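None of these values were measured; they are calculated from a predicted model. What you see below is based on every heavy atom in this structure, not just the backbone, and it leaves out hydrogens, waters and symmetry mates. Sequence positions, counted from 1, serve as the residue numbers for this chain.
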Amino acid sequence: MAAPKKSGFAVWYAKLAAFNVENLFVRKREPGPRRTVFVNENLPDDYRDHKGRVKPDHVYCTNQVITSKYTIITFLPRNLLEQFRRIANIFFLGIAILQFFNKFSTISPGLVILPLLIVLGITAIKDGYEDVKRHQSDRRVNYSTIRVLSGGDWVNPNVMAQKSKTFVRGIMPNTKGDKVKAAHKNGGAPSENQDADTDVEFDDHHEEGMGHHIHLFGHHQDHTKPHWRKTIWEDIRVGDFVKIKDNESFPADIIICATSEDENVAYVETKNLDGETNLKSRNAVPSLTHLRTAADCASMANSFRLDCDRPDVNMYKLNAALLLNKTKKGQEADGERDVFPIDMQMTLLRGTVLRNTGWVIGVVMYTGEDTRIVMNSGGTPSKRSKVERQMNPQVFINLIILALMAIACAIVDSILEHRDYPRGAPWLYNDNLPDDNPSINGLVTWAFALITFQNIVPISLYISIEFVRTCQAAFIYFDSDICYDKTNQATLARSWNLSDDLGQIEYIFSDKTGTLTQNSMIFRRCSIGGKVYKGDPEEVREEVPDVIPATLGVETKRDTQLSSADSSTAAGSNGGRPSDTKDKDPTAVPSTLAAEGVKLSKQVLYHFSDAQLKGDLELAIHADPESENAGHARLLNGFFTVLALCHTVLTAVDPETGALEYKAQSPDEAALVQAAADVGFVFRGRDSEVLMLQTPFADEVERYELLNILEFTSARKRMSVVLRKLDGQDGRLFLLSKGADNVIFERLKAGGEELKSITEKQLGEFASEGLRTLTLAYKVINEDDYDKWSERYHEATVAMEDRDAKIEAVSDELEQDLRLLGATAIEDRLQDGVPETIADLKRAGIKIWVATGDKLETAIAIGHSTNLIGRESNIIVIRGGNQHGRPVYQQMVHAVEEFFPESSILDNTPAMDDTAIPTSNSDDPPEYPLQRIDTGISSIVGSNNGDRPGGFVLVIDGAALTHALEGERNRSLLLKLAVLCEGVICCRVSPLQKALVVRLVKGGLNTMTLAIGDGANDVSMIQAADVGVGISGEEGLQAVNSSDYAIAQFRFLKRLLLVHGHWSYARNGNMILNFFYKNIVCIGVLWWFQIYAAWSSNYVFEYTYLLFWNSFWTIAPVIGIGLFDRIVDDHVLMDLPELYRYGREGKWFGMKWFVIYMLDGVVQSVIIYFIILYAYTSPSSRTDGYDVYLYEFSTTMVFAAVITANLFNGLNTNVWTAWVFFAVSIGVILLWIYTAVYSAISPGWFTTPVWGNNHFLFASAYFWLCLPLTICLALAPRYLAKAWKFGFAPDDIDIMRYIRKTDPDRDVAHDAQLGGALKALARSSSMASRRTSRTESISSARPRQSLDPRSASRTDMSTGVRSVHRGFDFSTEEHGVAMRRMQSNLSERRQSSRNLAPLPQSRNRRDTLSHVFSVRRGFLRRKGSTPKDAN
């Protein structure tokens, strides 16, 4: 549907409203040019200008990162510009300037401008306080410490820009030359910390013991040797050598030189960048691996250059090269250099954390604003609330009314003067001067009218709003219900002016890792041979200590002394941590075989325990081969052996406890291997390619030779290992596999349909609980078949063309005829209360979008566990990067046509261009229709899957999102499709894409958005949203520093929005409307007086009454509304989230209510003015017969107007508390006291125009008659309207308030769920309509019943394939350095043994489960007799 064409004025106003102040102060810094980093080399001469100064292109930005908005210099102009975006402030300034001229002066010009200065000052103090907090947060980050190379002959020649000073960022002149000199003097150390204490470390143990203490100066005479010195982050320079230790964050983008691990591999946690929880492996630049000590790094012999591309936002791509001097017989060759490529696999990015690695030495490549993570973040925006933006047009309307009133007075006054001056009117005596005549006096009257009626836009409104919002921020801070008791952390409002925006949120954009999940895994369930083991209750598992015995108490018949095992074998494993043993005492390396306990992995929350499983294992160990338990015993043995061996986990011995500890790249693998160890199948580590496993079924540690790893990828959805059993018997070969259910099921051996059907059903149950599932299988491989397959596999691995496709094809050949063992179910532990919070937010009509860097399966699994995807929801998957699939735009079009045919969003969409559809060769698969059903599993999904009652959830990956956000056509279609869905999950997205998605919805739909996250990768999203919420979790304070609100738990978001947000919006909206109303009452009385004052712009009130109108008489009730009003109690808002729709749909504030309140004020001013005027003037109210004085009856108007306005404000207050009674009455009391005192002041003190008025005012019967008459008549229309609405057309708020009043103990949440009188308030767990997210009145909502008991569908729009989601998810690094290293070792070993004679083969080997894994002699020799065991 085409958007309506805007008028020229609307376009002009939109441009004015969209003016962005930060564009004037935030420097749009373009990425610098390509750079060359010089290490142990001097800068070339062409880097300097004719004065010897380094050219600007070769001066790099400091590592200082600042998220604050202001400096001392920019604070005043930027803050004033931000405040003068309010039209009213410009008006107040103009009026104040006008009164500085004597002709228009009413009181002292200084007093006139004082209120404006107070408003500007209070707001500036508030903004400054908020920014001081940002500066403090920046300081905490910038003053973190890291080890930097120092001492010896080390000099860093690379030049850095000057570091910004505290609060004076960007104003000091750049003294680059001085910086260079200082760098050369102190050996590259930060010049500003020469006098600071430094912590010095040496690589040598002896020297470290001598030198690891505090020194006053960095260059102490004892520290002339190269060493590592603790330096703050902001002083790190490009070209510095840094040393990072385990669990420390990287301060800049760094090239890896060497690590503590074998083959110089480092493991990093990147969840701050991409949200993925599994560790990534990185490797050092091969030509720099000799730089392992400070002395090596500082040696002039180790000189090189880094040729780097310009800084880029792409976090997955790097183009750089290492340039080393060529040597000829020990001498350097002039100008000739060896060039070695550097990619992202050799780079450590700022924001990532080193894990499972002793130390890393690297060279700083990019710093500060040039780092990837900072370039993906924007500057701190200046946000204004929606209410404030809506106020501007209302203020503008009032200004137009004011201008019309002034023009009317000017025109009529000029006409009257031109008429009466020729007649000799005495009040126009001598009106023939150049500055005083009927013509010019019209203009003077116009200016006076602006001053007279200026209160139509009250300056006190802005003071009141700032005060109320400050108090609302305090209410949030002191709310114990959103304070995290564990850390005693309260919810903090970092931006005080957005409290009412919390009550109008329509879209929430959430990160996953750390926000919705704890990033901790729990092995929750497993199905073995069709039998489900659900695990002990969590209360029991919590009591299990972190370190448990290696056998978990399972009684065995063996008496194995693991402590006497060959420790040299384990030393090769080094606990999965092959560090520099040459520098350590070999006796200090504990053996993983000797460890008597198993320590809980850091990525796993609890040990797995199950009393039934423990009993079954003990029965299996002692079972007789002829017993009925024999078959299940073999399945138990096989199941946990696959868990314990099919992985890439490393082992280590904890030095504190001496227990075995698992260190995994993937939290999924950690949970699986940990669970196997918890039940007695303890993986003892690896010695080269030999895996060691301790099981309850064997007397000795079993050894398996690792022959092949068929690694996990998103396309394969499975991982397999080929092992040879080294038990001295027949060297049997096994294939152990784990993967997605549909992938494993379609590769199973024929037969065993009963076990497959049972497992399939159990997987569906696991998935419905939001658990991540894996299916396990195995097969025994014939030696001859393996030899032939191994040859084909080797040929595929060395193929020059289509290597990946050939490897996959050969791997698929081996992964056939598998035998099913069972399935696992792991819980990615959610933050407390996340599912309930998301469910309630959905009930409130808020659409929730999840933007995460995790892969598609993980995102879908979290969607299920968090209630974002319901059991009956239908998933639409749009993926990019598939060369044989549909283009992204075509996928979106087909999704609309298939699932939303009734929508009209394609009516104005351009027809698909045939050129956009890739041409297919005859060998390519045909284009799949959407109705195609191809799951490869026994359960076929019906064609009605797309019509499930749960609605639709859109899942789109980063590759598809890149195309979908290109061009207006694509963005428009994506937005329209997303709006039709209940929720959207964006996976594999970059931080910049998160922000683009937020801006797409925010700008495309003009809706209120909230973004919530806890990591640095969420900063850009938080800044792009209307309201940004940061969770102060384990990932640091980056998100909190950039947020508007900081909370400790995601679950607090519910109360923050539904209670504080809704209350604040209703209060502020009501307060502003009542503010406009009460001033219209005052201005209306002044206006009607002009009819009888020759339109001269004179005051009807004595001036002080007008002066104190907004200061004392009527300020308290509106402040009371803003602070103490409650539309309904907080527990009702929490129990019935549907009530939030009143805020979400903007019911409490808008142009309609503004007009109504303005008309109310006009009507009441008419009643007050004319009734009192005619009462006092005909006949006279005095007993002496004299006519009344002006201020005698106008003071009665003041009393009537003040009491009416205050009572009207009270009438619009929903809850009358003691504070509201006080607020309504205090202004009236002050008015009475002031009138009595002011009228009694004699001229001996000072002259007043109302002296003696009290003798006439209070003694007059008209005064006591007019007050109740005018007040009641003025309030009658609003009172009758409210009474009729409550009695005959109540809304949900009215109903709940009535219930709360008549039955305060009633459990409305329970009633709404179970029916009864509140049945109309109940809603189904999913959205009522899948066609739209708009929640209509909750009194008219009805839950929908499920039409189909089966699981909902998942449709991949790229291929058209529909399938049933059974919870598959497995997260690990794909094609990582660690995996490549293992594959390379296996390949080299395989190549070296190709000519060796094969092992003797047993002709009597049987391909049955009884021969799969070693057990005790004579144990279980025959096949199982049950259908389950037959597999």
Q: Step by step, work out the side-chain contact (heavy atoms from CB on, under 4.5 Å) result for N142 and R139.
A: CA-CA 5 Å; N142 291 325; R139 184 179 178 87; 5.8 Å; no
Q. Passes salt bridge (Lys or Arg N to Asp or Glu O under 4.0 Å), D309 versus R34? Steps please.
A. CA-CA 5 Å; D309 203 354; R34 292 178 60 89; 3.5 Å; yes
Q: Test D296 against S299 for side-chain hydrogen bond (donor to acceptor under 3.5 Å, both in side chains), laying out the working first.
A: CA-CA 5 Å; D296 294 336; S299 173; over 6 Å; no
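Closest approach of G958 to V989, counting heavy atoms only: CA-CG1, 4.1 Å. Closest non-hydrogen pair, A294 versus W228, comes out as CB-NE1, 3.7 Å. Nearest heavy atoms, C297 versus N40: O-ND2, 3.0 Å. The minimum heavy-atom distance between S249 and V353, with the atom names listed, is OG-CG2, 3.6 Å. Nearest heavy-atom pair, I373 versus G351, reported as atom, atom and distance to 0.1 Å: CD1-CA, 4.3 Å. For I255 against I342, the heavy-atom pair with the smallest separation is CD1-CG2, 3.4 Å.
Between I256 and N283 there is no side-chain heavy-atom pair separated by less than 4.5 Å. Inter-residue side-chain proximity for L650 and Y267 is flagged as met; some heavy-atom pair is nearer than 4.5 Å. Annotation: side chain of N302 is in contact with side chain of H290 (closest heavy-atom distance under 4.5 Å). Taking 4.5 Å as the limit, some side-chain heavy atom of L322 sits within range of a side-chain heavy atom of L288. Using a 4.5 Å heavy-atom threshold, the side chains of L354 and F250 count as touching. The shortest distance between side-chain heavy atoms of R803 and T797 does not fall below 4.5 Å. Using a 4.5 Å heavy-atom cutoff, the side chains of V148 and V242 are in contact. The shortest distance between side-chain heavy atoms of Y366 and Y60 does not fall below 4.5 Å.
A cation-pi arrangement is absent between K245 and W359, since the terminal nitrogen or guanidinium carbon is not both under 6.0 Å from the aromatic centre and inside a 45° cone about the axis. Judged by the 6.0 Å distance and 45° axis criteria, R78 is positioned over the aromatic ring of Y70.
For F38 and Y47, the gap between ring centers is short of 6.0 Å.
Separating the SG atom in C257 from the CZ atom in F304 is a distance of 5.0 Å, to the nearest 0.5 Å. Rounding to the nearest 0.5 angstrom, the gap separating the CZ atom in R350 from the CE atom in M375 is 13.5 Å. The distance from the CG atom of D804 to the CD atom of E801 is 13.0 Å, given to the nearest 0.5 Å. Atom OG1 in T270 sits 11.0 Å away from atom CZ in R355 (nearest 0.5 Å). Taking OG from S666 and NZ from K280, the interatomic distance works out to 10.0 Å, rounded to the nearest 0.5 Å. To the nearest 0.5 Å, the span separating CG on D46 from NZ on K55 amounts to 6.0 Å.
With hydrogens and angles disregarded, no donor-acceptor distance shorter than 3.5 Å links the side chain of S287 to the backbone of F340. A donor-acceptor pair under 3.5 Å is absent between the side-chain atoms of N63 and the main chain of T367, judged by distance alone. With hydrogens and angles disregarded, a donor-acceptor distance shorter than 3.5 Å links the side chain of S260 to the backbone of G358. The closest donor-acceptor contact from the side chain of R305 to the backbone of L323 lies at 3.5 Å or more, if one exists at all. Looking only at distances, a side-chain donor or acceptor of Q345 sits under 3.5 Å from a matching main-chain atom of S281.
With no hydrogens or angles considered, no side-chain donor-acceptor pair links T62 and K163 at under 3.5 Å. Side chains of D240 and N156: a donor-acceptor N/O pair is present below 3.5 angstrom, by distance only. For the residue pair T962/Q993, the side-chain donor-acceptor check at 3.5 Å is satisfied. If you check the side chains of R237 and N158, you find no donor sitting under 3.5 Å from an acceptor.
A salt bridge is defined here as a Lys NZ or Arg NE, NH1 or NH2 lying under 4.0 Å from an Asp or Glu carboxylate O, and R372 with D312 fails to meet this definition. Note on K994 versus D1018: salt bridge recorded, some NZ/NE/NH1/NH2 to OD/OE distance being below 4.0 Å. Checked for salt-bridge contact, R35 and D307 miss the test: no charged N lies under 4.0 Å from a carboxylate O.
A search for salt bridge (Lys or Arg N to Asp or Glu O under 4.0 Å) contacts involving D49 returns R53, not counting sequence neighbours.
Ring pair F202/H227 is tilted by interplanar angle, where 30° to 60° counts as tilted.
Applying the salt bridge (Lys or Arg N to Asp or Glu O under 4.0 Å) rule to pairs touching residues 141-160 yields R147-E201, R147-E248, sequence neighbours excluded.
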